[in-house]
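Labels below follow one simple rule: chain letters A, B, ... track the order of the sequence lines, proteins then strands, and each chain is numbered from 1.
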Protein chains: 2
Amino acid sequence: MPTEDEPAAERISDAEHAVMEALWQRSPQSAAEVCDVVAGARGWSMPTVKTLLARLVAKGALATQPEGRRFLYTPLIERSAYLGTESRRLVDRLFGGRAAPLFAHLAENEQLTDDDIAEITRLLRELRK
Amino acid sequence: MPTEDEPAAERISDAEHAVMEALWQRSPQSAAEVCDVVAGARGWSMPTVKTLLARLVAKGALATQPEGRRFLYTPLIERSAYLGTESRRLVDRLFGGRAAPLFAHLAENEQLTDDDIAEITRLLRELRK
DNA sequence: TGGTTATGACTACACCTGTAGTCTGAACGC
DNA sequence: GCGTTCAGACTACAGGTGTAGTCATAACCA
């Protein structure tokens, strides 16, 4: 396959992730808008959010597009890709790279409704086909 | 309930986790023994492992017991508890606290053998009972 | 046209983490 | 008894992260 130069997924930190989440929800957004969303929820000041945005841009996780006097921010990496690398990280670190033990752990320790269970069971059945 | 003063699960870092893993495998062990196990695998020097051990003791994750001139280290927190908090963290951060979406994500994106699937399905069926 | 304001850029700083070096003291061999 | 050695304690230090303050500038309003 041709060397993909996908956004280089440069480790997104916890706080940064909150910002990404806001932009995955809706994008593009200005810094002020993102601020409205996350600053309240996490008790951050505007400068903090600005810093996080700047770092995400530096990491190649966000694209900027000038709009009048300010910037609009858009995610460059997809949420699903992020979920993928993060859950993979967990599986690698904690479960020797195999998803099955994590599955087992979750099944035993997390609250699953009957609906959840039915849904997952269905998913698995499809996989086996 | 009486204020439990359980080991205070003070966030174990990545490198520290490698040390814990060695001690979960077998304990108690001396620093030198732990070193033999992890230093090779991760390319760490003896002082590095010593530091990690000291930090883990400071965090209350390891107990020490003097044995002659040196210490023997024993985990104070259980591996399963650690797996629990870590996977919970992931679920909270990435999947809004619900395990089901993580399940779905794993089912769709991770390699599961037919045996894995059968096993998980069985687990789920038991849960539903 | 000049002051005000909003915005991004730059700077700051403490704490955590990964990684390692040095010091000190106790035990062990001769 | 005395030097050697080994273990733990203390120190170090760069890079990342969380959190925020300040500055420069461009746009807008009066």
Side-chain angles (χ1 to χ4, degrees), chain A residues 8-23 27-74 82 85-86 89 92-93, chain B residues 8-23 27-74 82 85-86 89 92-93:
Chain A
E10 218 197 296
R11 192 87 190 101
I12 289 172
S13 85
D14 227 56
E16 288 161 3
H17 169 243
V19 169
M20 290 302 291
E21 209 62 59
L23 284 161
S27 70
Q29 281 183 80
S30 70
E33 289 168 318
V34 174
C35 227
D36 283 349
V37 178
V38 300
R42 317 263 300 211
W44 289 337
S45 72
M46 170 87 82
T48 299
V49 177
K50 295 271 189 73
T51 299
L52 294 173
L53 284 168
R55 285 181 186 167
L56 285 166
V57 171
K59 286 183 183 176
L62 292 180
T64 54
Q65 127 201 23
E67 191 253 21
R69 63 213 131 226
R70 66 232 178 114
F71 277 144
L72 295 183
Y73 297 85
T74 316
Y82 178 71
T85 56
E86 287 304 297
R89 256 177 68 86
D92 283 345
R93 278 201 329 132
Chain B
E10 220 198 295
R11 193 88 189 101
I12 289 171
S13 85
D14 226 57
E16 288 161 3
H17 168 243
V19 168
M20 291 302 290
E21 210 61 60
L23 284 161
S27 71
Q29 281 184 77
S30 70
E33 289 169 318
V34 173
C35 226
D36 283 349
V37 179
V38 300
R42 317 263 299 213
W44 288 338
S45 72
M46 170 87 80
T48 299
V49 178
K50 296 268 189 75
T51 299
L52 295 173
L53 284 169
R55 286 180 186 168
L56 285 166
V57 171
K59 285 182 184 177
L62 292 180
T64 54
Q65 126 201 25
E67 191 252 21
R69 66 213 127 228
R70 67 230 178 117
F71 278 144
L72 295 183
Y73 297 85
T74 316
Y82 178 72
T85 57
E86 286 305 297
R89 256 176 69 85
D92 284 344
R93 277 201 330 132

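Distance from the side chain of B:Y73 is smallest to D:dG8 among D:dG8, D:dG18, C:dT7. When distances run from any side-chain atom of A:P47 to the nucleotides C:dA12, D:dG8, D:dA20, the shortest one goes to D:dA20. Ranking C:dT17, D:dG21, C:dT19 by closeness to the A:S45 side chain, first place goes to D:dG21.
Judged by distance alone, with hydrogens and angles left aside, B:R69 brings no side-chain donor or acceptor close enough to the base of C:dG25 to form a pair under 3.5 Å. Judged by distance alone, with hydrogens and angles left aside, B:R42 brings no side-chain donor or acceptor close enough to the base of C:dG18 to form a pair under 3.5 Å. In the interface, the side chain of B:S30 is not paired with the base of D:dA7 through any donor and acceptor atom under 3.5 Å apart. The base of D:dT17 is not paired with the side chain of B:R11 by any donor and acceptor separated by under 3.5 Å.
At the phosphate of C:dT19, neither OP1 nor OP2 sits under 4.0 Å from any side-chain N or O atom of B:T51. Within the 4.0 Å cut-off from OP1 or OP2 of C:dG18, at least one side-chain nitrogen or oxygen of B:S13 is found.
Residue contacts for A:A54: at a heavy-atom cut-off of 4.0 Å it reaches no nucleic acid atom on any strand shown. Nucleic acid contact class of A:T48 (heavy atoms, under 4.0 Å, all strands): base.
Between A:L62 atom CG and C:dA9 atom P the separation is 13 Å, expressed in whole Å. Atom CZ in A:R70 sits roughly 14 Å away from atom C1' in D:dA26 (whole-Å rounding). Taking atom CH2 on A:W44 and atom P on D:dG18, their separation rounds to 7 Å, with Å as the unit. The interatomic distance linking B:Q65 (CD) with D:dA7 (C1') rounds to 16 Å, in whole Å. With rounding to whole Å, B:E67 atom CD is found 13 Å from C:dA27 atom P. Rounded to whole Å, atom P of C:dG18 lies 10 Å from atom CG of B:L56. Rounded to a whole Å, the CD1 atom of B:I12 is 15 Å from the P atom of C:dC16. Here the P atom of nucleotide D:dC10 and the CZ atom of B:R55 are 14 Å apart, to the nearest Å.
Under the 4.5 Å side-chain criterion, counting only non-hydrogen atoms from C-beta, A:R55 is in contact with A:T51. Residues B:E16 and B:E21 form no side-chain contact, since every pair of their non-hydrogen atoms from C-beta on lies 4.5 Å or further apart. In this structure the side chain of A:V19 never reaches within 4.5 angstrom of the side chain of A:Y73, judged on heavy atoms.
Between the A:Q65 side chain and the A:P28 main chain, no donor and acceptor come within less than 3.5 Å of each other.
Using a 3.5 Å distance cut-off with no hydrogens or angles, the side chains of B:S45 and B:T48 do pair a donor with an acceptor.
Comparing A:K50 and B:F71 by the nucleotide of DNA chain D whose heavy atom lies nearest to each, the residue mapping closer to the 5' end is B:F71.
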